[in-house]
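Letters go in sequence order (proteins before strands), and every chain restarts at 1.
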Protein chains: 2
Amino acid sequence: MKALVYVMPKAGVLDPQGKAIGQALEGLGFAGVQDVRAGKVIELDLAETDPAAARAAAEAMARRLLANTVIESFRVEIA
Amino acid sequence: MKALVYVMPKAGVLDPQGKAIGQALEGLGFAGVQDVRAGKVIELDLAETDPAAARAAAEAMARRLLANTVIESFRVEIA
């Protein structure tokens with residue numbers, strides 16, 4: 001069972017990578033980019049076949065390792 | 001208008017970051033993790049208000065800067 005964990009910097013947290021991407025896009029001539037936030041996506045291939053258990057496992061992994069919950073929020077999607 | 005660009009390593013491309021995460025999860029005692037792939041998500045806040053035009057712009061940005069299409073595939077979601 002596939003689980004996707006999306007990790008994004010929380011609102012209000014500085015995101016230098018996003019800022020750099022925004023400036024690079026502007027430099028390349030892309031207009032109208034008001035804000036950019038850069039995050040991670042981690043695709044987990046789990047042996048677990050029960051969707052609820054897979055979600056619980058992925059959330060535990062996110063809290064323990066994948067996301068720094070002080071400055072990042074995460075969202076789990078079961079596919 | 002918000003556009004989310006998901007960038008993942010293509011199948012068959014080595015993903016050392018994903019491998020490292022997989023080993024770290026195993027080391028923390030998480031069993032049943034068969035494979036891990038690590039990618040990026042870029043959230044763009046665009047001035048564009050037409051969904052089709054916003055998607056086209058985000059795809060152009062992904063091809064030009066956000067994804068290395070030799071080794072990465074991308075997917076755009078308009079929110």
Check: B:Ile21, B:Val7, B:Leu28: which one forms the most heavy-atom pairs within less than 4.5 Å of chain A?
Finding: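 The option with the most such pairs is B:Leu28.
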
Please determine whether residues [X] and [Y] belong to a single hydrophobic cluster, defined as Ile, Leu, Val, Met, Phe, Trp and Tyr linked transitively by side-chain heavy-atom distances below 4.5 Å.
X	Y	result
A:Met8	B:Met8	yes
B:Met1	B:Met61	yes
B:Val41	A:Leu4	yes
B:Ile71	B:Leu14	no
B:Leu25	A:Ile78	yes

Item checked: Inter-residue atom distance A:Phe30.CZ - B:Leu65.CG, 0.5 Å rounding ->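 It comes to 8.0 Å.
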
Notebook entry, point to check: When rounded to the nearest 0.5 angstrom, what is the spacing between NZ in B:Lys2 and CD in A:Gln34?
Noted result: 10.0 Å

Check: Using a cut-off of under 4.5 Å for heavy-atom pairs, which of A:Gly32, A:Ala38, A:Ala24 has the most such pairs with chain B?
Finding: A:Gly32

Margin query: Please output the residues of residues 42-56 of chain B in contact with chain A, using a heavy-atom cutoff of under 4.5 Å, in numerical order.
Written below: B:Ile42, B:Glu43, B:Leu44, B:Asp45, B:Leu46, B:Ala47

For atom [atom1] of [X], decide whether the heavy atoms of other residues, nucleotides or ligands shown that lie under 6.0 angstrom number more than 12.
X	atom1	result
A:Gln17	CD	no
A:Lys19	NZ	no
A:Glu26	CD	no

Note to self: Is B:Leu66 close to chain A through its backbone or its side chain, or both, or neither, when contacts mean heavy atoms under 4.5 Å?
What the structure shows: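 Interface part for B:Leu66: side chain.
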
Notebook entry, point to check: Quick one: what part of B:Ala60 sits under 4.5 Å from any heavy atom of chain A, side chain, backbone, both or neither?
Noted result: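 Interface part for B:Ala60: both.
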
